[in-house]
> 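I'd like to ask some things about the structure below.
Everything numeric here is computed off the predicted structure, so don't read it as measured data.
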Amino acid sequence: MYYSAGTYEAFAHPEKPQGVDNKSAYIIGTGLAGLTAAFYLVRDGQMKGEHIHLLEKLELAGGSCDGRKDITKGFYMRGGREMDNHFEVMWDVFRDVPSIETEGVSVLDEYYWLNKHDPNYSLCRASVNRGEDAHTDKQFKLDKESAMALSQLFITPEKDLEGKKISDVLPDSFWETNFWLYWQTMFAFQRWSSALEMKRYLCRYVHHIDGLPDFSALRFTKYNQFESMIMPLVKYLSDHGVKIEYGIDVKNVIIETVGDKKVASQIIYVKDNEEKSIPLTENDLVFITNGCCTDSSCYGDQNNAPDLNNLKNGVGESWDMWKAIAAQAENGEFGNPDAFCNDIEATNWMSATVETSDEEVIRHIMDICKRDPRSGKVTTGGIVTVKDSVDDWYLSWTINRQPQFKSQDKDKVLVWLYALHTDRPGTYVNKPMRECTGEEVCREWLYHIGVHSGEIEKLAAEACNTTTCFMPYINAFFQPRKNEDRPHVVPEGAVNFAFLGQFAETPRDTIFTTEYSMRTGMEAVYTLLNVDRGVPEVWGSKYDVRQLLRAAYYAIDKKSVNEIKMSLKEKAMLAVVMNKVKGTDLEILLKDSGLIK
């Protein structure tokens, strides 16, 4: 497997891998990573569909990219995904997956046209005083110490950040900046999250820094991710003879080490309360989704809080399987699940889905986002963060294009909200969010969008229906870690198995994205089948001097270097530099970026 860039490799069709007709594949998990592995086995590996077995414990494919309607309780959306135009693997897949809505076009075509015709951007990034615009005004408000610390983090080698928290590398003044407000609420980082992962995000998305304050860098699907992404991909696989076997609860993969070779020899699983096994040969490829950020999710509804009584640090089906596999390693080569799943208090947050058609509620929504959510177009353009709640629930909410579900009534609006602090009393509701019913969560949200206090109780109870989801491991991948804590997609010496998903290690890319999961699926297939075509490298904007200069300009709130407060020594040094670059291409680049006039 090798990386490439450019259209030469991207447009080429690889030759059929040698011996593929004699191979079969078992894919554990049907999230985006597993489905992507199946896609590449079919399209580029040219493996027969009937040789590919997707093993899924649940009754529905999609993993964490879910979205569903419970006819007795309402709509559930655990979370959403923000897409980027440089998700190279994702678009390589969806350019060849047919739309299930529009005949003759691909999912990529459909998505591309949608976001061209209705580009995403926010008109209110944060609110204060119960629904007033906080006027963040696209400003980062970075003080000098914070800006310098971010710059240092950007260039610090990953090995020097292993085991470190963000709070270990950034100053106290940073937490008061708009940059941190945008960053924390958009990506769900915490002060105790991994400094290494924050560095990766900085490097990966430096080309989007100008779009961070108003979400203009983002693109979204038409419907929820399950209907817009998972369903078309599942249909593509089904059309090629691939079947998903539901009700398969994989407990372990037995891996034997002989000399320098590591071979998966058996899959242990439970079906219908009976333990069974699948014997494997070196021609049987196994793709293992290790760990899951939505493992052990606990659901609540309008009248019931989620039941958290059975939660226990480090316990969950995906973690139990990974631990069983990791225990077979000789030198930790199958990763360290304990690094991610042993502190639920550090890794949880909670979301809710509010369904309403009430005109009073919708009026307050429109007062904030300046758009009608029933128009079918971009509404909030991303989350609206409630600054008044920073010290309690730390609430943010969003409304994507409506309807979010094909089965959704046309007069209904679905609001998704989430809170980073689930253990603190709210501003209006004097209870931690994790202890609240859906109705109580709705009350807190209605309060913060400015609904009159005398109307809140009635509207939450009669005009809205709210479902909730507490996710104990949703931020597990952001835990401070060492390089070896995540297994390589294909560990050294592995003959017939690979790891997939958010807890497998692929260089330079960022977890908690659709692209990361899909990239591991592609890399796994290309490595085990020796597919002779380049895997597109992670977009290299961090190596592009134009993007770096542009990012610097926006990071200092679109000021030229002459407008920045500097010491006499710094001014003298700047004068020397300006004199050196005068009349050169560097001067042109600096002018194009806005850093000099």
> Between Asp70 and Thr467, does the side chain to side chain contact (heavy atoms under 4.5 Å, CB included) criterion hold? Intermediate values first, please.
CA-CA 10 Å; Asp70 184 313; Thr467 60; over 6 Å; no
> Would you say that more than 12 heavy atoms from the other residues, nucleotides or ligands in this model lie under 6.0 Å from the CG of Asn313, or not?
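Enclosed.
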> Could you tell me which non-hydrogen atom of Gly34 sits nearest to which non-hydrogen atom of Leu54, and how far apart they are?
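The pair with the smallest heavy-atom distance is O-CD2, 3.9 Å.
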> Can the ring centroids of Tyr205 and Trp183 be said to lie less than 6.0 angstrom from one another?
no
> Could you walk me through whether Met1 and Val489 pass the side chain to side chain contact (heavy atoms under 4.5 Å, CB included) check?
CA-CA 11 Å; Met1 193 275 290; Val489 171; over 6 Å; no
> Quick test of your reading of the model: are Lys262 and Glu333 salt-bridged, counting only N-O distances below 4.0 Å?
yes
> Would a 4.5 Å heavy-atom cut-off, applied to side chains only, mark Tyr473 and Cys292 as touching?
no
> Closest approach of Leu196 and Glu158, non-hydrogen atoms and distance?
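Minimum heavy-atom separation between Leu196 and Glu158: CD1-O, 3.7 Å.
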> Can you tell me if Asp485 uses its side chain to pair, donor with acceptor, with the backbone of Lys482 under 3.5 Å?
yes
> Nearest 0.5 Å please: distance from the OG1 atom of Thr353 over to the CZ atom of Arg68.
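The distance works out to 10.0 Å.
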> Looking at every non-hydrogen atom in both residues, tell me the closest pair between Val538 and Pro507 and how far apart they are.
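Closest approach of Val538 to Pro507: CG2-O, 3.9 Å.
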> Go through the side-chain N and O atoms of Glu9 and Tyr2 and say whether any donor and acceptor fall under 3.5 Å apart.
yes
> Is a side-chain donor-acceptor pair under 3.5 Å present for Ser541 with Asp544?
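No, Ser541 and Asp544 have no side-chain donor paired with an acceptor closer than 3.5 Å.
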> Using a 4.5 Å cut-off on heavy atoms from C-beta on, say whether the side chain of His488 contacts that of Glu523.
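When only atoms from C-beta onward are counted, His488 and Glu523 do not touch, as no gap falls below 4.5 Å.
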> For Phe189, run the ring-ring contact (aromatic ring centres under 6.0 Å, His included) check against Phe478, Phe477, Phe512 and tell me which one passes.
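Among Phe478, Phe477, Phe512, the one meeting ring-ring contact (aromatic ring centres under 6.0 Å, His included) with Phe189 is Phe478.
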> Apply salt bridge (charged side-chain N to carboxylate O under 4.0 Å, His left out) to Lys271 and Glu245, showing your working.
CA-CA 10 Å; Lys271 182 173 175 62; Glu245 299 175 39; over 6 Å; no
> Can you list the steps and then say if Arg486 with Glu197 is a salt bridge (charged side-chain N to carboxylate O under 4.0 Å, His left out)?
CA-CA 13 Å; Arg486 294 200 299 233; Glu197 300 301 343; 3.0 Å; yes
> Are Asp92 and Met522 packed together at the side-chain level, in the sense that at least one heavy-atom pair is separated by less than 4.5 angstrom?
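Result yes, sub-4.5 Å side-chain heavy-atom pair found.
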> Tell me if a side-chain donor or acceptor on Asn475 pairs with a main-chain N or O of Trp349 at a distance below 3.5 Å.
no
> Considering all heavy atoms of both residues, which atom of Ala264 and which atom of Asn496 are nearest to each other, and what is their separation?
N-OD1, 2.8 Å
> Using side-chain hydrogen bond (donor to acceptor under 3.5 Å, both in side chains) as the criterion, point out the one residue from Thr514, Thr513, Asp509 that pairs with Arg519.
Asp509
> At their closest point, which heavy atom of Lys406 faces which heavy atom of Ile100, and how far apart are they?
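In this case the closest contact between Lys406 and Ile100 is NZ-CD1, 4.0 Å.
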> Output yes when a side-chain donor or acceptor of Gln302 lies under 3.5 Å from a complementary backbone atom of Thr466, and no otherwise.
yes
> I'd like to check Thr294 versus Ile474 (side-chain heavy atoms, cut-off strictly below 4.5 Å). Are they in contact?
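Side chain of Thr294 against side chain of Ile474, heavy atoms only: contact under 4.5 Å found.
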> Could you walk me through whether Ser407 and Phe75 pass side chain to side chain contact (heavy atoms under 4.5 Å, CB included), step by step?
CA-CA 10 Å; Ser407 63; Phe75 289 98; 3.9 Å; yes
> Please check if any side-chain donor atom of Asp84 sits under 3.5 Å from a side-chain acceptor atom of His208, or the reverse.
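Checked: Asp84/His208 side chains pair up, N/O donor to acceptor below 3.5 Å.
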> About how many Å separate NZ of Lys235 and NE2 of His240, when rounded to the nearest 0.5 Å?
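Result: 10.0 Å between the selected atoms.
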> When you compare the side chains of Asp44 and Tyr526, does any donor N or O come within less than 3.5 Å of an acceptor on the partner?
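On atom types as modelled, these side chains qualify, holding a pair under 3.5 Å.
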> Please evaluate residues Tyr418 and Thr398 with respect to the criterion side chain to side chain contact (heavy atoms under 4.5 Å, CB included), reporting the C-alpha separation (whole Å), side-chain torsions for both, the decisive distance (0.1 Å), and the verdict.
CA-CA 9 Å; Tyr418 91 108; Thr398 186; over 6 Å; no
> Would Glu505 and Arg481 pass as an ion pair if we require N to O under 4.0 Å?
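Yes, this pair counts.
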> Hey, does Phe226 have a side-chain heavy atom less than 4.5 Å from the side chain of Leu60?
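Result yes, sub-4.5 Å side-chain heavy-atom pair found.
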> Any salt bridge linking Lys57 with Glu317? Criterion: basic side-chain nitrogen under 4.0 Å from a carboxylate oxygen.
yes
> To the nearest 0.5 Å, what is the distance between OG (Ser517) and CG (Leu500)?
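Here the rounded value is 9.0 Å.
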> Can you tell me how far apart CD1 (Ile268) and CD (Glu275) are? Round to the nearest 0.5 Å.
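Output value for this atom pair is 6.0 Å.
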> Return the minimal non-hydrogen interatomic distance between Val253 and Ile325, and the atom names on each side.
N-CG1, 3.9 Å
> Just by modelled atom types, is the Val105 backbone N or O under 3.5 Å from a matching donor or acceptor in the Thr102 side chain?
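No.
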> Indicate the ring-plane relationship of Phe499 and Phe334, choosing parallel, tilted or perpendicular according to the 30° and 60° boundaries.
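Aromatic pair Phe499/Phe334 classed tilted.
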> Just wondering, do Thr506 and Tyr516 contact through their side chains at under 4.5 Å, heavy atoms?
yes
> Does Lys222 pair with Asp118 as a salt bridge, N-O distance under 4.0 Å?
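So Lys222 does not pair with Asp118 through a salt bridge.
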> Tell me, do Val89 and Tyr40 make a side-chain contact under 4.5 Å, heavy atoms counted?
yes
> Just say parallel, tilted or perpendicular for the rings of Trp539 and His86, cut-offs at 30° and 60°.
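If you compare the ring of Trp539 with that of His86, the planes turn out parallel.
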> Side-chain donor-acceptor pair under 3.5 Å between Gln328 and Asn252, yes or no?
yes
> Measure the shortest side-chain to side-chain distance between Tyr299 and Cys469 over non-hydrogen atoms and say whether it is less than 4.5 angstrom.
yes
> Regarding Asn400 and Trp416, do their side chains bring together a donor and an acceptor under 3.5 Å, going by distance alone?
no
> For the ring-ring contact (aromatic ring centres under 6.0 Å, His included) test, which of Trp91, Tyr223, Phe87 pairs with Tyr111?
Trp91
> When the ring planes of Phe503 and Trp322 are compared, do they come out parallel, tilted or perpendicular, using 30° and 60° as the limits?
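Correct class here is tilted.
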> Can you tell me if Thr380 uses its side chain to pair, donor with acceptor, with the backbone of Ile399 under 3.5 Å?
yes
